[in-house]
Engineer: 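Okay, handing you the structure first.
All values reported here derive from a predicted model rather than from experimental measurement. Just so we're on the same page: letters track the sequence lines, and every chain starts at 1.
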Amino acid sequence: MRGTHLGEFEELVLLAVAALNDNAYAVVVKSEIEEKADRKVNISAIHTALYRLEEKGFLESSVGGATKTRGGKSKRFFKVTAYGFKSLREAQSLRQSFWNVIPQLSTQK
Amino acid sequence: MKQQQPPVLLRKLLKRIIAPEIYDEVEGDLAELFQERLHEMSMKRAKWRYFIDVLCSLRNFGLKRKLTFYNPLVMYKNYFKITFRNLLKYKGYSFINIFGLALGMASCLLILLFVNNELSFDGFHEKKDNIYRLDEVQSFGAVSEQKVALSMYPMGPNLLADYPEITDFTRYWTLGRTLVQYKDQSHYTENLVRVDTSFLKMFDFQMIEGNRYSVFDEPNNLILSETLAKRIFGDENPIGQIIRTGEGDENQIKVTGVFADVPDNSHLQFDALTSTKLWDSEQRRNGWGSNYLNTYLQLANNTDVEKLEAKFDDFLVKYMGEEVLEFYSLFLQPLSDVHLGSMDITHDYNNHKKFARSSVNIFLILAFFVLLIASINFMNLSTARAATRSREVGVRKSIGAYKGQITGQFMMESIMLSFMALIIAFLLSFVAIGPLNGIIDRNLELSFFFQPLHLILVLAIAIVIGFLSGVYPALVMSGFNTVMALKGSGMKSGKSFFRNALVVFQYAIAIAIIIGTVLATQQLNYMQNLDLGFKKDLVVTVNMYNDTNSKYELFKTELRNQSNITDVTATTQRLGNNLHQTSIQYRADTALINGSSSFVVVDNNFMDFFEMEILEGRALSDQYANDKAGLSFVVNETLAKELGAGDREVLGMPFHFGGNDTLGAIVGIVKDFSYNKLNLKVEPLFMSQQPWGWSEVDVKLRADKLQEGLAEIEAVWSTLYPQRPFEYQFLDDHIDKMYQSEQQLTKVISILSVLAIIIASLGLFGLASFTVKQRLKEMGIRKVLGASVSQIVMILSKKFTALVLIAFIISAPITYYMMDQWLASYANSIGIGIGIFLMVGIGSWLIALLTVSLQSYRVASSNPVETLRIE
């Protein structure tokens with residue numbers, strides 16, 4: 001279906017949000033990805049991805065939790081929706097289906 | 001601990017980038033990162049990273065951003081569209097509006113071009129600020145004091161030697177038309193000039209071949225203009241060639257250089273230069289008292305010119321004795337003043353296209369006023385049209401337009417129209433520049449305006465005009481009451497005072513310009529047709545030279561034998577110039593008195609030839625031996641008055657040129673004739689025949705046989721003087737040429753004044769049609785109640801008649817005063833009659849009436865049913 005396709009980076013962000021459970025907002029997502037994937041990401045890219053994913057219905061969000069370090073500004077917490085989980089699983093199974101074929105091919109060599 | 005905050009400026013930037021809906025969270029995220037980084041790195045680096053984050057956030061510009069209510073781009077597009085729709089909807093008014101402004105702009109552009117050209121004269125010399133022309137003030141006896149652009153041969157070198165602040169000098173001594181021979185071919189150099197070797201060092205005339213510092217190393221060196229070199233040598237290399245100016249070795253001249261043709265905006269014009277060295281002699285070096293050349297001085301930087309001029313009296317005394325100060329004083333004229341500031345200087349022979357600075361100013365003022373009239377039109381029509389746009393304004397306002405937005409819209413509209421007018425103005429100028437160049441004898445080029453700086457300037461002026469003329473209508477329209485505007489009658493009645501005032505102002509200017517033009521033209525015609533005191537018609541002048549003078553008698557006799565030639569005479573100076581002056585001596589009672597006067601040496605039949613009126617005594621004649629011997633003199637009235645002071649008898653008075661031992665006698669008094677421009681007074685003058693050789697022969701032709709007569713002169717000339725091509729000029733052409741500057745001025749002013757009245761009438765036409773339209777219903781009702789067509793036309797025209805009348809009352813006295821001043825500068829001037837004022841006043845009223853009536857008649861003759869039906 002058009003518009004629901006998951007990009008590589010988007011998938012990564014979606015996974016990170018899922019992994020972070022209830023504490024997923026942009027800064028944490030960024031550090032999570034940087035840690036796990038060992039790559040530098042600019043915060044603006046995270047913003048882009050998060051708001052896009054929300055628009056596509058993979059994520060939902062709520063506002064809360066202003067802290068002093070943030071200059072009193074609130075955070076936006078993201079949560080993966082059911083539809084988001086479904087898509088993640090679909091993506092995973094799609095990959096799995098490929099992986100299931102790959103060893104057979106390689107042994108026939 | 002105080003919390004470190006990210007830089008304020010960057011936060012503000014971020015606020016602009018990120019949509020307000022998500023700005024809080026995003027800024028919070030960035031702030032948190034910033035705080036985290038502060039633990040890991042320096043403040044500076046953290047700030048830098050923050051900056052990078054802000055910059056990268058640009059990609060999120062569109063994120064969550066909702067379409068805002070006010071989108072300027074969409075609005076501007078709408079403004080454009082509405083502007084064009086309105087233009088097309090009211091084609092007539094749009095045309096009047098834009099075309100009127102374009103006319104004003106075009107005349108302004110062309111005038112600016114001309115003024116720029118005038119101001120550019122002599123501007124290409126690098127040392128221009130330090131170069132001065134040495135001029136004299138002469139005052140000889142009865143001849144009134146006059147400034148002359150002449151100086152003496154020894155002045156330059158001695159000034160250089162005596163005053164350290166003078167760093168260089170050059171003389172400029174014309175030899176005039178000179179015949180040069182190369183191989184077997186003869187050519188004329190139009191203007192061969194003798195200059196000092198320093199000439200090319202002071203003036204930056206461009207050299208094409210030859211070194212400017214060494215081309216005059218030998219006395220017989222000569223350099224030519226590119227054109228002349230091509231004419232004489234064709235494709236041969238001119239350098240090193242020998243040309244001849246006569247027989248004998250001393251007349252062999254070697255070409256050492258070629259210079260680019262002298263640009264038109266140089267007051268010095270020459271096509272060949274040679275060094276003064278060949279003419280230098282002990283006698284000339286001591287030739288104090290003879291003025292026959294120009295001297296240019298180069299001063300050291302920061303020289304106080306006034307202080308230097310103050311020393312010149314001592315200089316004159318040193319070389320010419322104490323009494324010289326009675327006759328001479330010297331002054332310096334900056335090079336930049338020579339072209340535009342020499343109108344009061346006579347004997348100014350080397351001043352190409354000399355022009356009056358006051359005329360340049362008149363042009364500028366007129367151009368400004370024409371543009372002003374056009375701008376007022378623009379303003380008036382836009383304001384008048386406001387009524388038709390009131391619904392639009394009402395709708396805009398009711399859906400939330402601010403007052404400022406409405407103002408902005410109309411300002412933008414007027415700036416756009418102004419740009420369109422500018423484009424049309426350029427097209428008009430493009431068409432008009434050819435004829436204009438013909439009238440004013442210049443080579444103006446529009447390309448001047450396409451240099452980036454000038455183009456920006458012109459565009460800026462167009463914007464300013466659009467802005468200024470748009471601001472009032474825009475304010476009026478934005479001030480409409482919304483409800484009233486929607487009803488279609490936004491204009492409060494009685495508010496047209498400002499518009500009426502503008503119409504009055506426009507017409508006042510136009511009337512003033514027209515009266516001024518009519519008077520100036522009349523004055524010029526008057527001067528050209530005034531009785532000069534001699535008959536200039538049908539006279540052909542032929543230049544004489546040393547080699548042609550020897551056969552003068554034969555030439556004269558031969559010419560007289562021709563059937564279409566009525567008479568022949570000769571003179572040393574052409575009439576229609578300021579004549580040369582000389583010292584005179586005469587015996588009154590017993591004392592020998594010295595004085596000075598203008599003079600002209602003439603053949604004995606000169607006075608009969610020109611039909612001059614003899615008041616007392618007789619004219620010169622070949623019948624008298626004394627006349628032939630150069631001992632008889634005829635003086636003019638002015639000189640006679642001076643000589644006859646104290647009731648002395650002038651006729652028979654012993655008289656001669658200064659320095660002669662035996663005196664001749666005065667035999668006649670001739671009525672004053674105007675040998676010079678008619679705005680100058682007639683100076684004392686005497687005539688006599690002397691064996692000095694003629695500089696010109698005057699031939700009178702039979703009235704309807706001009707071509708045949710010319711052919712006859714040419715035939716005689718060619719037989720007698722085969723070495724010289726035949727050339728001639730009509731004397732009346734020569735005399736008309738004296739008024740060329742005035743003629744050009746009046747022609748251009750006439751054009752401008754016609755433009756002024758056209759533009760003003762265009763405006764009135766537009767305005768009238770709107771007024772008429774607004775009163776359609778009123779007129780319908782009047783008609784229903786029984787008003788006749790003429791009554792209605794009358795009602796509508798009354799107001800405009802009043803406006804024109806007020807304009808006339810304002811402008812007439814001012815114009816009278818200014819023209820009175822101007823005419824006072826002429827020795828022979830016309831009076832200012834009330835007739836002209838009435839004529840122009842009534843004329844402009846008729847034009848206004850006609851314009852208005854065209855509109856009102858249409859209404860008056862229409863069927864009231866049609867007009868009353870509209871609701």
Engineer: Going by atom types only, do T48(A) and N60(B) share a side-chain donor-acceptor pair under 3.5 Å?
Structural biologist: yes
Engineer: For residues K30(A) and L33(B), determine if any side-chain heavy atom of one lies less than 4.5 Å from a side-chain heavy atom of the other.
Structural biologist: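 A side-chain contact under 4.5 Å exists here.
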Engineer: Work out which heavy atom in H47(A) is nearest to a heavy atom in V26(B); give both atom names and the distance.
Structural biologist: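 Minimum heavy-atom separation between H47(A) and V26(B): CE1-CG1, 3.6 Å.
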Engineer: Indicate the atoms forming the closest heavy-atom contact of Q5(B) with G71(A), along with that distance.
Structural biologist: NE2-CA, 4.4 Å
Engineer: I need the C56(B) SG to I43(A) CD1 distance, nearest 0.5 Å.
Structural biologist: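 Reported to 0.5 Å precision, the distance equals 11.0 Å.
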Engineer: Answer yes or no: does atom CD of E35(A) have more than 12 heavy-atom neighbours from other residues, nucleotides or ligands under 6.0 Å?
Structural biologist: no
Engineer: Does atom CG (L9(B)) have a neighbourhood of more than 12 heavy atoms from anything else shown, all under 6.0 Å?
Structural biologist: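 No, because the 6.0 Å sphere around CG of L9(B) holds 12 heavy atoms or fewer from other groups.
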Engineer: Side chain, backbone, both or neither: which part of L30(B) has a heavy atom under 4.5 Å from chain A?
Structural biologist: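 It is the side chain, since no backbone atom gets that close.
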Engineer: Looking at CZ of R76(A) and CG of D24(B), how far apart are the two atoms once the value is rounded to the nearest 0.5 Å?
Structural biologist: 10.0 Å
Engineer: Quick check on F80(B): does its CZ atom have over 12 non-hydrogen neighbours (other residues, nucleotides or ligands) under 6.0 Å away?
Structural biologist: no
Engineer: What I want to check is whether the side chains of Y51(A) and E21(B) have a donor and an acceptor closer together than 3.5 Å.
Structural biologist: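 Y51(A) vs E21(B): no donor-acceptor pair found between side chains.
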Engineer: Does atom CZ of R11(B) have more than 12 heavy-atom neighbours, drawn from other residues, nucleotides or ligands, at distances under 6.0 Å?
Structural biologist: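 Counting other residues, nucleotides and ligands, CZ of R11(B) exceeds 12 neighbours.
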Engineer: Which of residues 90-97 of chain A get closer than 4.5 angstrom to chain B, counting heavy atoms alone?
Structural biologist: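 Near chain B, by residue number: none.
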Engineer: Quick one: are E36(B) and V27(A) in side-chain contact, heavy atoms under 4.5 Å?
Structural biologist: yes
Engineer: When you look at CZ of F9(A), are more than 12 heavy atoms from neighbouring residues, nucleotides or ligands closer to it than 6.0 Å?
Structural biologist: yes
Engineer: In this structure, are over 12 heavy atoms from other groups packed under 6.0 Å from R45(B) atom CZ?
Structural biologist: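 Counting neighbours around CZ of R45(B), 12 or fewer heavy atoms of other residues, nucleotides or ligands fall under 6.0 Å, so no.
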Engineer: Under 4.5 Å, counting heavy-atom pairs only, tell me which of G72(A), S74(A), S31(A) racks up the most with chain B.
Structural biologist: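 The answer is S74(A).
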Engineer: Once rounded to the nearest 0.5 Å, what's the spacing between atom CG of D29(B) and atom OG of S44(A)?
Structural biologist: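 One finds 11.5 Å between CG of D29(B) and OG of S44(A).
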Engineer: E25(B) and R70(A): which non-hydrogen atoms are nearest, and at how many Å?
Structural biologist: O-NH2, 3.1 Å
Engineer: Please determine whether the number of non-hydrogen atoms from other residues, nucleotides or ligands lying under 6.0 Å from atom NZ of K79(A) exceeds 12.
Structural biologist: no
